[in-house]
Peer 1: 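My questions will all concern the structure given below.
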Amino acid sequence: MIFEKIRGIVADQLGIEEENITLETSFIEDLNADSLDLFQVIMELEDEFNVKVEDVEKIKTVGDAVKFVESVTK
């Protein structure tokens, strides 16, 4: 459930197909996201899940984002 929401956000923000996004997908290496792209994704995650991301550098993959959201929404 969380993965699907995050995958949808990433796809919308970066203009890519959801099918191309897995838990192992790296924002920078696989999706060629720059710092502004990553900032926009993080902002959307914060809005969608009502969380605050303090350490953006720890979120390198879609799986990292999922783990973060799961850890703060329990």
Side-chain angles (χ1 to χ4, degrees):
M1 177 82 167
I2 291 175
F3 169 66
E4 285 81 13
K5 283 187 177 182
I6 291 176
R7 182 166 67 173
I9 290 170
V10 172
D12 287 345
Q13 289 296 319
L14 301 179
I16 52 178
E17 298 293 323
E18 286 188 26
E19 302 83 45
N20 297 329
I21 301 170
T22 67
L23 288 171
E24 293 79 30
T25 301
S26 166
F27 289 107
I28 295 171
E29 293 173 13
D30 297 326
L31 302 178
N32 297 317
D34 60 22
S35 57
L36 180 59
D37 293 329
L38 199 49
F39 176 76
Q40 290 173 320
V41 168
I42 296 297
M43 294 291 290
E44 286 291 320
L45 292 177
E46 289 178 340
D47 289 346
E48 177 69 29
F49 296 102
N50 196 28
V51 297
K52 179 70 178 142
V53 178
E54 299 292 336
D55 195 357
V56 177
E57 286 77 36
K58 288 187 176 181
I59 299 179
K60 297 187 183 307
T61 66
V62 173
D64 292 339
V66 172
K67 287 178 196 167
F68 171 77
V69 170
E70 287 176 342
S71 73
V72 296
T73 58
K74 289 187 177 182

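Numbering starts at 1 and runs along the sequence shown.
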Peer 1: Sequence neighbours excluded, which residues qualify as side-chain contact (heavy atoms from CB on, under 4.5 Å) partners of L23?
Peer 2: F3, V66
Peer 1: Between I6 and V72, is there a shared hydrophobic cluster once you connect ILVMFWY residues whose side-chain heavy atoms come closer than 4.5 Å?
Peer 2: yes
Peer 1: side-chain contact (heavy atoms from CB on, under 4.5 Å) with K67: which residues, sequence neighbours excluded?
Peer 2: none
Peer 1: What residue pairs, at least two apart or across chains, pass salt bridge (charged side-chain N to carboxylate O under 4.0 Å, His left out) with a residue in residues 30-42?
Peer 2: none
Peer 1: Please list, chain by chain and in numerical order, all residues satisfying side-chain contact (heavy atoms from CB on, under 4.5 Å) with Q13, sequence neighbours excluded.
Peer 2: I9, Q40, V41, E44
Peer 1: Examine V56 and I59 and state if one hydrophobic cluster contains both, with Ile, Leu, Val, Met, Phe, Trp and Tyr joined whenever side-chain heavy atoms are less than 4.5 Å apart.
Peer 2: yes
Peer 1: If you define the side chain from C-beta out and look only at heavy atoms, does anything of D64 sit under 4.5 Å from T61?
Peer 2: yes
Peer 1: Which pairs with one or both residues in residues 8-26 pass salt bridge (charged side-chain N to carboxylate O under 4.0 Å, His left out), sequence neighbours excluded?
Peer 2: R7-E18
Peer 1: With K60, which residues qualify under salt bridge (Lys or Arg N to Asp or Glu O under 4.0 Å), at least two apart?
Peer 2: none
Peer 1: With N50, which residues qualify under side-chain contact (heavy atoms from CB on, under 4.5 Å), at least two apart?
Peer 2: none
Peer 1: Listed by chain and number, what are the salt bridge (Lys or Arg N to Asp or Glu O under 4.0 Å) partners of E46, not counting sequence neighbours?
Peer 2: K52
Peer 1: Can you get from M43 to L14 by hopping between Ile, Leu, Val, Met, Phe, Trp and Tyr side chains that sit under 4.5 Å apart?
Peer 2: no
Peer 1: Would you check if F49 and I2 make a side-chain contact, meaning some heavy-atom pair closer than 4.5 Å?
Peer 2: yes
Peer 1: Do L45 and F68 make a side-chain contact, defined as non-hydrogen atoms from C-beta onward lying under 4.5 Å apart?
Peer 2: no
Peer 1: With sequence neighbours left out, write down each residue that passes side chain to side chain donor-acceptor pair (under 3.5 Å) with N20, or none if nothing qualifies.
Peer 2: none
Peer 1: Take atom CD of E29 as the centre, draw a 6.0 Å sphere, and report whether it contains more than 12 heavy atoms from other residues, nucleotides or ligands.
Peer 2: no
